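Worksheet: the structure to be examined is printed underneath.
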Amino acid sequence: MENHDVARIFSKTAKMLEFQNASSYKIKAYNRASYRIKNLKEDINKLHEDDKLDSIPGIGKSFKNKIVDILNTGTFPEYEKISQEIPVNIEELMAIPGMGPRILQSLYKRLGIKNVDDLKEAARTHRIRRLPNMGARKEERILNAIKRYEKRGADRILFETARQIADDIKSILETIPYTKVSVVGSVRRQNEIVNNINFIVTTDYPEDVINCFTQMKGVQTILNEADKWVSIIYNGGIPVDLQIVNDDYFGPTQIHLTGSKEHNIHLQQIASSMNLHLSKFGLINLEDGNKLISKTENDIYQKMGLDYIPPELREDRGEIESAFNGALPELVTADDIKGDLHIHSNWSDGKSTIQQIADEARSLGYEYVAICDHSKSRANASGLSEGQLLRRMNEIEKINNRYDDFRILAGTECDIKANASLDYNSNILEKMDIVIAAIHTGFDEDKKTITKRVVRALENEHVNVLAHPTGRRLGERAGYDVDMDKLMETAKRNNKILEINGSPSRLDLNDINAKTAKEMGIPLAINTDAHWTHDMSRNMKTGINVARRGWLEPKDVVNTQNLDDFCNFMGID
DNA sequence: GCCGTTTTCGGCCCGACTGTTTTCAGTCG
């Protein structure tokens with residue numbers, strides 16, 4: 001049992017308690033415990049060993065006992081009891097926007113709806129509209145929501161989850177002497193969502209590697225164990241494969257297994273046009289059958305007359321042509337980033353103080369950071385009233401006086417309300433250094449309505465940035481149905497910045513949209529949407545991955561500019 | 001269910017939005 005397993009059990013319990021009309025504070029406590037455990041830096045098993053579980057904020061005596069039960073038995077008594085009592089698939093149904101505990105109770109009692117399939121069928125056959133407070137529009141919304149739910153990709157794994165596991169496993173395997181390990185597959189290409197984790201290894205001690213791999217902590221099941229190929233299921237149901245390869249074939253196998261498939265097919269076509277054959281065993285000259293020496297990836301690309309192609313670009317989206325012409329982009333890196341434009345402080349729903357955020361930003365080598373707390377309508381995210389916003393500006397100014405090489409910018413993540421107006425009036429917005437506009441309500445509105453809201457915001461003179469432009473949550477919900485062409489045209493025409501939100505479950509804009517925006521000349525920002533300092537470096541890395549997959553260079557990203565240039569660009573005094 | 005305390009209970013507890021209504025029930029962040 002690891003941190004995320006425990007967190008998952010508590011969040012599921014919270015949902016079941018909601019269905020049972022439990023006290024909202026109890027539910028909140030479960031959600032808080034789940035959140036804290038999920039974001040814990042330490043291994044929860046270690047905390048248990050050290051008897052420090054109740055040092056976690058939000059974990060008291062009761063949760064401590066539950067955690068110990070979970071770590072020992074995989075569950076806890078109350079969870080088992082509630083699971084027995086509730087016949088419906090709460091987790092699945094609550095993932096549908098608009099489906100809350102009250103409605104689900106009524107749907108179960110009156111129509112016997114237990115899962116998404118039941119719900120879909122009931123909406124389709126117009127049985128839902130007969131229930132109190134329901135109608136034809138509600139049925140329509142439910143069907144739309146289910147369509148988006150079906151597209152959400154929940155059965156796959158978030159990149160950041162896979163990346164952490166891959167890093168852990170890699171460092172374990174590398175303790176074996178004379179062993180070289182490479183992550184390959186979609187994790188190496190930094191795909192936003194992956195199906196599994198793949199490794200290739202070259203080693204003098206293959207047996208040790210296989211023993212180490214199959215016996216590591218976290219292995220749930222061993223699916224296949226052969227001399228050169230092992231396949232396991234890791235904690236959380238994540239498939240992990242390992243192949244042992246001959247050192248001579250390390251480079252070609254890396255290319256072969258990193259993919260993408262489309263990239264490889266294109267490479268193979270080019271090889272055969274040169275009378276070569278490319279496989280995971282390397283490049284062969286078809287004329288004389290001699291193997292060309294190609295131990296590394298770079299050797300292979302070079303012998304085919306191509307520049308080295310970074311894994312993030314290997315999607316056959318033009319990277320091979322660019323590599324041939326020496327025109328690959330100089331992709332943005334973490335070193336290029338000079339600031340972060342979207343951070344929440346403890347003035348709204350963030351956990352860190354403005355000073356802590358400034359300290360972290362400076363330690364990351366930034367020259368500026370924008371504090372963008374929620375606006376007043378986001379009441380339960382402690383959105384700031386106009387008065388609070390002005391008081392927060394005073395605090396920012398005080399802290400800024402301590403620095404001459406660093407600046408905190410006063411900003412807001414201002415809600416775009418349902419009527420397309422912004423949550424603060426112009427008098428307030430013009431006082432801000434930076435205004436990020438965002439949609440947090442009405443996700444199931446139709447395309448026309450939602451697009452109108454976004455367009456109106458982008459046309460507002462005070463708005464600088466559009467946050468998470470599609471509103472998606474990977475594995476949870478698809479984005480709202482915004483007309484992306486129109487969104488981009490409007491951003492371009494009004495010279496607005498589009499955000500690449502690096503929060504691992506958002507990654508929004510995605511790589512493809514980021515590439516389109518770059519090609520249209522729309523300025524982009526890589527932001528973290530961090531809610532505590534811990535998220536600042538992690539989310540920036542995942543945001544940069546998206547940017548790199550979208551071919552972005554430093555010049556395409558506004559927060560690679562130094563403080564002076566950025567302030568000039570934004571018109572900040 | 002946690003937390004803090006004038007320390008073993010009382011506070012935690014918003015407000016916009018939607019779809020159904022014509023004053024409300026429920027969801028969402």
Side-chain angles (χ1 to χ4, degrees), chain A residues 9-11 13-37 53-67 76 78-79 82 90 93-110 123 128-145 344 348-350 373-385 388 413-424 438-446 449-450 453 467-468 471-473 476-477 480 503 505-506 529 531:
Chain A
I9 290 175
F10 285 151
S11 89
T13 311
K15 291 197 167 83
M16 294 194 293
L17 287 169
E18 264 192 280
F19 187 81
Q20 291 189 325
N21 284 333
S23 136
S24 65
Y25 303 112
K26 188 170 172 178
I27 293 161
K28 216 174 173 178
Y30 272 92
N31 280 323
R32 191 173 45 216
S34 170
Y35 178 83
R36 287 294 185 174
I37 292 166
L53 284 173
D54 44 14
S55 70
I56 307 168
I59 304 296
K61 208 174 179 182
S62 165
F63 272 129
K64 182 181 165 182
N65 290 333
K66 291 180 171 62
I67 294 171
F76 64 96
E78 198 180 352
Y79 175 81
I82 307 173
I90 291 291
L93 283 166
M94 279 204 183
I96 308 277
M99 292 295 104
R102 292 286 120 68
I103 290 180
L104 290 177
Q105 275 166 24
S106 154
L107 288 172
Y108 172 64
K109 272 189 202 146
R110 292 171 182 256
I128 292 177
R129 62 179 67 178
R130 295 201 293 265
L131 267 44
N133 290 318
M134 296 289 181
R137 306 250 325 235
K138 190 79 189 175
E139 275 176 350
E140 202 182 309
R141 283 189 156 218
I142 288 173
L143 286 171
N144 280 332
H344 296 265
S348 67
D349 60 345
D373 286 307
H374 286 291
S375 59
K376 61 182 175 184
S377 288
R378 292 265 56 73
N380 217 23
S382 307
L384 268 52
S385 69
Q388 288 174 307
E413 180 181 13
C414 184
D415 258 49
I416 304 169
K417 296 203 288 183
N419 64 7
S421 71
L422 292 174
D423 203 15
Y424 296 122
I439 286 193
H440 295 110
T441 56
F443 283 73
D444 48 359
E445 280 173 337
D446 63 72
T449 312
I450 203 104
R453 287 170 71 189
H468 40 73
R472 71 169 178 175
R473 288 272 196 176
E476 290 172 38
R477 60 166 192 239
Y480 34 74
S503 173
S505 65
R506 287 194 184 268
D529 204 352
H531 283 68

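Quick note on labels: first sequence line is chain A, next is B, and so on, each numbered from 1. These numbers come from the heavy atoms of this one structure, side chains and all, not from hydrogens, waters or symmetry mates. Bear in mind that the values here come from a model prediction, so they are computed numbers and not experimental data.
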Without decimals, in angstroms, what is the distance between Y30(A) OH and dC2(B) P?
8 Å
Do E413(A) and H440(A) come close enough that some side-chain heavy atom pair is under 4.5 Å?
yes
dG1(B) C1' sits how many Å from E18(A) CD, rounded?
15 Å
Measure from CZ on R102(A) to C1' on dC24(B) and round the result to the nearest Å.
14 Å
If we take the P atom in both dC12(B) and dC17(B), what is their distance in whole Å?
26 Å
Whichever of G60(A) and P132(A) has the more 5' nearest nucleotide on DNA chain B, that residue is G60(A)
K66(A) near the nucleic acid: base, sugar-phosphate alone, or nothing, with a heavy-atom cut-off under 4.0 Å?
sugar-phosphate
Taking atom NE2 of H468(A) and atom OH of Y480(A), what is their separation to the nearest 0.5 Å?
6.5 Å
Side-chain contact test, heavy atoms from C-beta onward, threshold under 4.5 Å: evaluate it for R473(A) versus R506(A) and give yes or no.
yes
Output the rounded distance in Å from CD (Q105(A)) to P (dT27(B)).
8 Å
For atom NZ of K26(A) and atom P of dC3(B), their distance in whole Å:
16 Å
Any salt bridge (Lys or Arg N to Asp or Glu O under 4.0 Å) involving residues 95-105 of chain A? Give me the pairs, sequence neighbours left out, ordered by first then second residue.
none
Using whole Å, report how far CG of N31(A) lies from P of dC2(B).
14 Å
So what does E78(A) touch, heavy atoms closer than 4.0 Å: a base, only the sugar-phosphate, or nothing?
sugar-phosphate
Please verify the inter-ring angle class for F76(A) with Y30(A); under 30° counts as parallel, over 60° as perpendicular, anything in between as tilted.
parallel
Closest nucleotide among dG26(B), dG1(B), dG29(B) to the R378(A) side chain:
dG29(B)
Taking the same atom, C1', in dT21(B) and in dG26(B), what whole-Å distance lies between them?
13 Å
At a cut-off of 3.5 Å, list every protein nitrogen or oxygen paired with a nitrogen or oxygen from nucleotides 16-19 of chain B, distance to 0.1 Å.
residue, atom, partner, partner atom, Å
dC17(B), OP1, A418(A), N, 3.2
dT18(B), OP1, E445(A), OE2, 3.0
dT18(B), O3', R141(A), NH1, 3.4
dT18(B), O3', R141(A), NH2, 3.3
dG19(B), OP1, R141(A), NE, 2.5
dG19(B), OP1, R141(A), NH2, 3.0
dG19(B), OP2, R137(A), NH2, 3.3

With rounding to whole Å, what would you report as the distance between dT20(B) and dA25(B) at their C1' atoms?
8 Å
In 5'-to-3' order, the base (B), backbone-only (S) or no-contact (-) status of each nucleotide in nucleotides 7-12 of chain B, using a 4.0 angstrom heavy-atom cut-off, is -----B
Round to a whole Å and report the spacing from CZ of R130(A) to C1' of dT20(B).
17 Å
The side chain to side chain donor-acceptor pair (under 3.5 Å) partners of D54(A) (sequence neighbours excluded) come to none
If we take the C1' atom in both dG1(B) and dT8(B), what is their distance in whole Å?
14 Å
Partner residues of E140(A) under the side chain to side chain donor-acceptor pair (under 3.5 Å) criterion, sequence neighbours left out
none
Distance, P atom - from dA16(B) to dG11(B), rounded to whole angstrom:
25 Å
From I90(A) atom CD1 to I82(A) atom CD1, the distance as rounded to the nearest 0.5 Å:
11.0 Å
Sidechain-backbone polar pair: S34(A) side chain, F10(A) backbone, donor-acceptor under 3.5 Å
no
When both distances are under 3.5 Å in a Watson-Crick or G-U wobble arrangement, the nucleotide paired with dT8(B) is none
Does any pair with a residue in residues 13-26 of chain A pass salt bridge (Lys or Arg N to Asp or Glu O under 4.0 Å), and if so which ones, sequence neighbours excluded?
K26(A)-E78(A)
Whole-Å distance, D373(A) CG to dC14(B) P, equals 19 Å
